[in-house]
J.: 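Below you'll find the structure I mean.
Not measured: the values here are computed from a predicted model.
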Amino acid sequence: QVRLVESGGGSVSAGGSLRLSCEVSENLGANYGAYCMAWYRQAPGKEREGVATIASVGSTTYADTVKGRFTISQDNAKNTLYLQMNRVKPEDTGMYYCAAKLSGGRCYLGPIYNYWGQGTQVTVSS
């Protein structure tokens, strides 16, 4: 069973930066071949929305709301997924989750992920 553990959340002022981490319990590439990983977020009273996704080969996709400000990356040697958040805005506030899909196919921000972490809270003050 793959486990995902997020960390790095906290409180930050608008315009600041934060880096989230997601530690994966095993090396997905070595054990499963192709995979997708993603960051999602959920603000209070709103539905969960996709933020960014990265494929095992390294290609990335971003939601329009974070494009140019956030960067998703992975360190396969450390089994860790990252989300670098720059120029954050109050509307970036929410619980951030990492997710994984352990199979081939296109990676996108949709209902394809079947492994989820518990989340880390990000609060951006104006």
J.: Looking at CD of Q42 and OG1 of T93, how far apart are the two atoms once the value is rounded to the nearest 0.5 Å?
T.: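 One gets 13.5 Å once the value is rounded to the nearest 0.5 Å.
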J.: Is there a path of hydrophobic side-chain contacts, each under 4.5 Å between heavy atoms of I/L/V/M/F/W/Y residues, joining V24 to Y35?
T.: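 Result: yes, single cluster for both.
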J.: Using every non-hydrogen atom in the two residues, find where S17 and N86 come nearest and quote the distance to one decimal.
T.: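 For S17 versus N86, the nearest heavy atoms are OG-OD1, 3.0 Å.
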J.: Indicate, with yes or no, if L102 and W116 share a hydrophobic cluster defined by side-chain heavy-atom contacts under 4.5 Å among Ile, Leu, Val, Met, Phe, Trp and Tyr.
T.: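 No, because W116 and L102 fall into different hydrophobic clusters, even though each may have its own neighbours under 4.5 Å.
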J.: Indicate the atoms forming the closest heavy-atom contact of E6 with G119, along with that distance.
T.: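 It is OE1-N, 2.9 Å.
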J.: According to a hydrophobic-cluster definition based on side-chain heavy atoms being under 4.5 Å apart (Ile, Leu, Val, Met, Phe, Trp, Tyr only), do Y96 and V88 belong together?
T.: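 The answer is yes; both residues are in one hydrophobic cluster.
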J.: Give, for atom OG1 of T80 and atom CE of M37, the distance between the pair rounded to the nearest 0.5 Å.
T.: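 The CE atom of M37 is 9.0 Å from OG1 of T80, to the nearest 0.5 Å.
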J.: Determine yes or no for a side-chain-to-main-chain donor-acceptor pair under 3.5 angstrom, with R3 supplying the side chain and S25 the backbone.
T.: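 No, R3 side chain to S25 backbone: no donor-acceptor pair under 3.5 Å.
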J.: With ring pair (Phe, Tyr, Trp, His ring centres under 6.0 Å) as the rule and sequence neighbours excluded, what pairs involving residues 56-83 come up?
T.: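 Pairs touching residues 56-83 that pass the test: none.
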J.: Going from CG on L18 to OG on S11, what distance comes out if it is rounded to the nearest 0.5 angstrom?
T.: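 Rounded to the nearest 0.5 Å, the CG-OG separation comes out at 9.0 Å.
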J.: Can you measure from OH (Y113) to CG (L4) and round to the nearest 0.5 angstrom?
T.: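 Output value for this atom pair is 12.0 Å.
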J.: Taking C-beta and beyond as the side chain, do W39 and L81 meet within less than 4.5 Å on heavy atoms?
T.: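 When only atoms from C-beta onward are counted, L81 and W39 do touch, with a gap below 4.5 Å.
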J.: Is the shortest side-chain N to carboxylate O distance from D92 to K89 below 4.0 Å?
T.: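 The answer is no: the pair does not qualify as a salt bridge.
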J.: Would you call Y108 and T61 a side-chain contact if the rule is heavy atoms closer than 4.5 Å?
T.: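 No; the side chains remain at least 4.5 Å from each other.
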J.: Is there a side-chain contact between Q74 and L28, using heavy atoms and a 4.5 Å cut-off?
T.: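 No - every pair of side-chain heavy atoms lies 4.5 Å or more apart.
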J.: Around atom NZ of K46, are there more than 12 heavy atoms from other residues, nucleotides or ligands closer than 6.0 Å?
T.: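 Check fails, neighbour count at 12 or below.
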J.: Should V12 and M85 count as side-chain neighbours, where that means a heavy-atom distance under 4.5 Å?
T.: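 No. Closest side-chain heavy atoms not under 4.5 Å.
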J.: Going from OG on S56 to CG on N76, what distance comes out if it is rounded to the nearest 0.5 angstrom?
T.: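 Rounded to the nearest 0.5 Å, the OG-CG separation comes out at 9.0 Å.
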J.: Taking I112 as the starting point, is it possible to reach Y40 by hopping between hydrophobic residues whose side chains are less than 4.5 Å apart?
T.: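 Per the 4.5 Å side-chain linkage, Y40 and I112 are co-clustered.
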J.: Are T120 and S7 packed together at the side-chain level, in the sense that at least one heavy-atom pair is separated by less than 4.5 angstrom?
T.: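 No; the side chains remain at least 4.5 Å from each other.
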J.: Around atom CD of E91, are there more than 12 heavy atoms from other residues, nucleotides or ligands closer than 6.0 Å?
T.: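 Yes, enclosed.
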J.: Report, as yes or no, whether the 6.0 Å neighbourhood of atom CD on E23 holds more than 12 heavy atoms from other residues, nucleotides or ligands.
T.: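 It does not: E23 CD has 12 such atoms or fewer within range.
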J.: Would you check if R41 and T65 make a side-chain contact, meaning some heavy-atom pair closer than 4.5 Å?
T.: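 Yes, close enough: below the 4.5 Å cut-off.
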J.: Could I get the full list of side-chain hydrogen bond (donor to acceptor under 3.5 Å, both in side chains) partners for Y32, not counting sequence neighbours?
T.: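 Applying side-chain hydrogen bond (donor to acceptor under 3.5 Å, both in side chains) to Y32 gives E26.
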J.: What pairs with S125 under side-chain hydrogen bond (donor to acceptor under 3.5 Å, both in side chains), at least two apart in sequence or on another chain?
T.: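 Testing S125 for side-chain hydrogen bond (donor to acceptor under 3.5 Å, both in side chains), a comparison that skips the adjacent residues, returns none.
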J.: Say you draw a straight line from CD1 of I72 to SG of C98; how long is it, rounded to the nearest 0.5 Å?
T.: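 The CD1 atom of I72 sits 9.5 Å away from the SG atom of C98.
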J.: Search all heavy atoms of A63 against all heavy atoms of L109 and return the closest pair with its distance.
T.: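 A63 and L109 have their closest heavy atoms at N-CD1, 3.9 Å.
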J.: Taking all non-hydrogen atoms of both residues into account, name the closest pair between C36 and T53 and its distance.
T.: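 Closest pair (atom of C36, atom of T53, distance): CB-OG1, 4.5 Å.
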